[in-house]
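Throughout, protein chains are lettered first and strands after them, A, B, ... in sequence-line order, and every chain is numbered starting at 1. Everything numeric in this text was worked out from a predicted model, so none of it was measured.
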There are 2 protein chains.
Amino acid sequence: MIQPRPRTIPEATVARLAVYLRVLTSLADGGRTTVSSGELASAAGVNPAGLRKDLSHLGSCGVRGVGYEVRALRERIAHVLGAERSRACVLVGIGNLGTALADYAGFGSRGFRFVGLFDAAPARVGEEIGGLVVQPMAELEATVTATDASIGVIATPADVAQSVCDRLAAAGVRSILNFAPVTLTPPPGVDVRPVDLSVELQVLAFLGQQRGVRAAEVTA
Amino acid sequence: MIQPRPRTIPEATVARLAVYLRVLTSLADGGRTTVSSGELASAAGVNPAGLRKDLSHLGSCGVRGVGYEVRALRERIAHVLGAERSRACVLVGIGNLGTALADYAGFGSRGFRFVGLFDAAPARVGEEIGGLVVQPMAELEATVTATDASIGVIATPADVAQSVCDRLAAAGVRSILNFAPVTLTPPPGVDVRPVDLSVELQVLAFLGQQRGVRAAEVTA
DNA sequence: AACCGCTTGTGAACGCAGGAACAAAGTCGC
DNA sequence: GCGACTTTGTTCCTGCGTTCACAAGCGGTT
């Protein structure tokens, strides 16, 4: 089977596609049937030309002079992102953040479902969160295998994150979202995407500080 | 006063500097006094040449043939990022995620301190988290003014995030970290940095799916 | 049926980030 | 004191992402 499109979609574009998908779902819920690139770009906070280029990566589905059909475009993006099928995820580290993630309903509507929650603290084990019961760490590998989970989320303290990463990888998990404030070095063939909340705050603070300096210079 | 360095540091570099700062702190705690670019790059998960280029943006502080002095470099980065001075932050939306953020000790050690927690639900008001008492939304503006908070964190449901954003901006907050799954349109002069956990998961899933396709092609 | 306005899709140019290679500089050994 | 080695700082270059601008195409109108 020949793929008519080059299947290499830039990572930056993929991130924006996920945002478009969210906006389109919101529009569809609001009863909109068509939308122009300018309006969609405004709602997503990006440049209209860039949005069109992003969409061109998945074979154009718009109608010139009219715009895009909301439902059709949503389906198309969902298909490319693989969001149609539900993906099994396991979550390790049921602290405050882990609890928040396990309870977050937003994941379910985007094609992700948690199939296992794990924590090292015996006091946590047995607790029920979002319909799942927290399991001990010893059951991690068996659950990953049984559920064929391909995504792992690490919300543990920093000092155990690497060992959790290794265990997840060994059990067959290929993609890991890491909230622990350490840089993980995964085995070959495993992707790690770091999400460091402190880093986000520091970048934000620096940009704000720099903006202040600029403003002071302009007035000077 | 003439600044010897161009103060325009690329945003990508700023994000990495925050990571280097974290690694350096860890090294300093471990008793290390010097570190080479290669070792530091490995610990941060980046290319050594790129790391040296990042560091060159803030005036080189390394010693050729030896490496970087851990404490001095840490101080330097902290100074450039403005992490020496503690910054006042307010947090709106004390759900599961908000509670996790308020309780997260990692922020304190990076120069951020929460000075106000707010929630619209009367049941939440009065609760004590991480040494602070949750306040009603009506007190938002007064607290921002009194504490001169410059950073706001939004962890509310999506439907009220824009109005919270507007109120924060009106009260004087210039930088906002948004965890709500909507694209905010801030007033001029206000920066918003979105952190969408579902988007992160979708990008991760797509990359993993694409990796699977690649592997299948190679075997074919 | 033909025209006109509107919107998409694409081609080109610009700027930026990332990586590799090389020169400068300092330390360790002899 | 001198040479060789190690490591930084810089420069060049390649590739990617983003933006602008224009041609192509469709619907509505006359």
Query raised in the report: What is the distance, rounded to the nearest whole Å, between atom CD of B:Glu11 and atom P of C:dA17?
Result: 9 Å
**Report entry** A:Thr143 to A:Thr147 - nearest heavy-atom pair and separation
**Finding:** O-OG1, 2.7 Å
Report task. Looking only at non-hydrogen atoms, find the nearest pair between A:Asp54 and A:Tyr20 and report the distance. Result -> OD2-OH, 2.8 Å
Query raised in the report: How long is the line joining CD1 of B:Ile9 and P of C:dC16, in whole Å?
Result: 15 Å
Report summary line: note: A:Glu69, atom CD; C:dT8, atom C1'; distance rounded to Å ~ 16 Å
Query raised in the report: For B:Gly50, which contact category applies under a 4.0 Å heavy-atom criterion: base, sugar-phosphate, or nothing?
Result: nothing
Report task. Would you kindly give the CG-to-P distance between A:Leu51 and D:dT18, to the nearest whole Å? Result -> 12 Å
Query - Per A:Arg52 side chain, nearest of listed nucleotides C:dA17, D:dA21, D:dC20 - result: D:dA21
Requested in this report: Report yes or no: is there a donor-acceptor pair, N or O only, under 3.5 Å between the side chain of B:Arg64 and the base of D:dT8?
Outcome: yes
Requested in this report: Round to the nearest Å and state the distance from B:His57 atom NE2 to D:dT10 atom C1'.
Outcome: 11 Å
Report summary line: Rounding to 0.5 Å, atoms CD (A:Gln202) and CZ (B:Arg22) come to a distance of 10.0 Å
Query raised in the report: Taking N and O atoms by type only, does the side chain of B:Lys53 place a donor or acceptor under 3.5 Å from a partner on the base of C:dG19?
Result: yes
**Report entry** First of A:Val66 and A:Ala49 reached from the 5' end of DNA chain D, by closest nucleotide
**Finding:** A:Ala49
Requested in this report: Find the distance A:Asp54:CG to C:dG9:C1' and express it as a whole number of Å.
Outcome: 13 Å
Report summary line: Heavy-atom nearest nucleotide on DNA chain C taken for B:Thr13 and for A:Ser36; more 5' hit belongs to A:Ser36
Query raised in the report: Do other residues, nucleotides or ligands put more than 12 heavy atoms under 6.0 Å from A:Arg174 CZ?
Result: no
Query - Short side-chain N/O contact to C:dG9 OP1/OP2 from A:Tyr68, under 4.0 Å - result: yes
Query raised in the report: Quick one: does A:Thr145's side chain have a donor or acceptor within less than 3.5 Å of a partner on A:Glu141's backbone?
Result: yes
Report task. Rounded to the nearest angstrom, tell me the gap between atom CD in B:Glu39 and atom C1' in D:dT7. Result -> 13 Å
Query raised in the report: Under 4.0 Å: is that the gap between some side-chain N or O of A:Ser37 and OP1 or OP2 of C:dT7?
Result: no
Report summary line: Between CG of B:Asn47 and P of D:dG15 the distance, given in whole Å, is 17 Å
